[in-house]
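Just so you know, these numbers come straight off a predicted model, no measurement behind them. Along the sequence shown, residues carry numbers from 1.
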Amino acid sequence: RYLCLFGPEAAGSDPLAPGQAAASGGGTIGASPAWEAVERWLSSSSGRSRFGRDHAQWSAFHGRARPVAEAQRRMAQLPGAEEMLRGLCEFEPSRRWTVERALGSRMLEPLRDAAAEAHAEGRRPACCFTAYA
């Protein structure tokens with residue numbers, strides 16, 4: 001299910017190509033026995049077919065199922081939302097966003113701006129957060 005929602009997909013590449021995890025950054029996932037089992041299933045005709053159907057319906061970024069399409073519509077109205085979702089759901093742990101990266105994202109920029117403005121005016125911000133290095 002995770003692969004259908006957030007699976008590896010680079011523009012112009014085949015997300016089911018053998019070695020895709022290793023080719024897209026390697027790390028701990030591409031070399032794991034669990035990923036090898038996933039690749040074996042995806043390389044079978046039934047696995048490839050099932051993944052293709054499910055991915056087309058349920059991909060968080062281009063799926064056609066009604067609830068997913070509604071989520072995509074809402075996500076498109078919030079600048080930086082897709083970027084944040086992709087970063088936080090990155091399959092390879094070494095490439096996944098940290099909390100600090102998420103707090104510094106474009107999606108949360110309006111909250112940072114409002115907090116800075118309130119602070120400059122001597123008011124207590126309605127919402128505030130601080131990223132720790």
Side-chain angles (χ1 to χ4, degrees):
R1 290 182 180 143
Y2 178 89
L3 289 178
C4 288
L5 279 169
F6 309 111
E9 53 186 346
S13 73
D14 180 359
L16 304 178
Q20 179 67 29
S24 67
T28 58
I29 299 299
S32 73
W35 185 252
E36 288 176 14
V38 168
E39 283 189 324
R40 276 194 306 277
W41 181 75
L42 291 174
S43 65
S44 72
S45 61
S46 62
R48 176 178 280 279
S49 175
R50 177 64 186 258
F51 177 83
R53 283 191 317 270
D54 290 351
H55 191 66
Q57 285 294 105
W58 299 105
S59 167
F61 308 108
H62 62 264
R64 297 183 302 262
R66 186 181 301 169
V68 173
E70 174 62 20
Q72 292 164 359
R73 186 186 65 74
R74 289 180 176 190
M75 190 166 44
Q77 294 173 355
L78 187 58
E82 181 176 336
E83 177 189 27
M84 179 180 263
L85 183 60
R86 286 183 186 273
L88 292 173
C89 294
E90 172 63 48
F91 193 61
E92 173 57 48
S94 65
R95 293 175 34 189
R96 194 172 303 138
W97 280 17
T98 63
V99 171
E100 290 82 11
R101 173 66 178 93
L103 289 173
S105 73
R106 186 169 57 123
M107 188 177 116
L108 297 179
E109 194 171 288
L111 295 176
R112 286 192 307 278
D113 292 346
E117 182 180 306
H119 182 70
E121 294 173 359
R123 295 182 290 115
R124 183 176 179 176
C127 175
C128 186
F129 58 84
T130 304
Y132 297 96

Could you grab the distance from atom CZ of R53 to atom CZ of R48, nearest 0.5 Å is fine? 13.0 Å
Are M75 and W58 co-members of a hydrophobic cluster defined by side-chain heavy atoms under 4.5 Å apart? no
Value for CG (L85) from CG (L5), rounded to nearest 0.5 Å, stands at 9.0 Å
Considering non-hydrogen atoms only, spot the tightest contact between S105 and W97 and give its length. CB-CZ3, 3.8 Å
If we ignore hydrogens and angles and just use 3.5 Å, is the side chain of Q72 paired with the main-chain N or O of G63 as donor and acceptor? yes
Determine whether C4 and R1 make a side-chain contact, defined as any pair of heavy atoms from C-beta on separated by less than 4.5 Å. no
Taking it one step at a time, do H55 and L3 satisfy side-chain contact (heavy atoms from CB on, under 4.5 Å)? CA-CA 8 Å; H55 191 66; L3 289 178; over 6 Å; no
Are E82 and R106 within salt-bridge range, i.e. N to O under 4.0 Å? no
Kindly work out whether a path of hydrophobic side-chain contacts (I/L/V/M/F/W/Y, heavy atoms less than 4.5 Å apart) joins L88 to V68. no
Between R40 and S44, a side-chain donor and acceptor under 3.5 Å: no
Same cluster for F91 and L42 if Ile/Leu/Val/Met/Phe/Trp/Tyr side chains link at under 4.5 Å? yes
Sub-3.5 Å donor-acceptor pair from the side chain of S43 to the main-chain atoms of E39, do we have one? yes
Check R73 with E70, please: is the shortest side-chain N to carboxylate O separation under 4.0 Å? yes
When you group the ILVMFWY residues by side-chain heavy-atom contacts below 4.5 Å and let the links chain together, are F51 and V38 in the same group? yes
Would you say R50 has more than 12 foreign heavy atoms packed within less than 6.0 Å of its CZ? no
Should W35 and E92 count as side-chain neighbours, where that means a heavy-atom distance under 4.5 Å? no
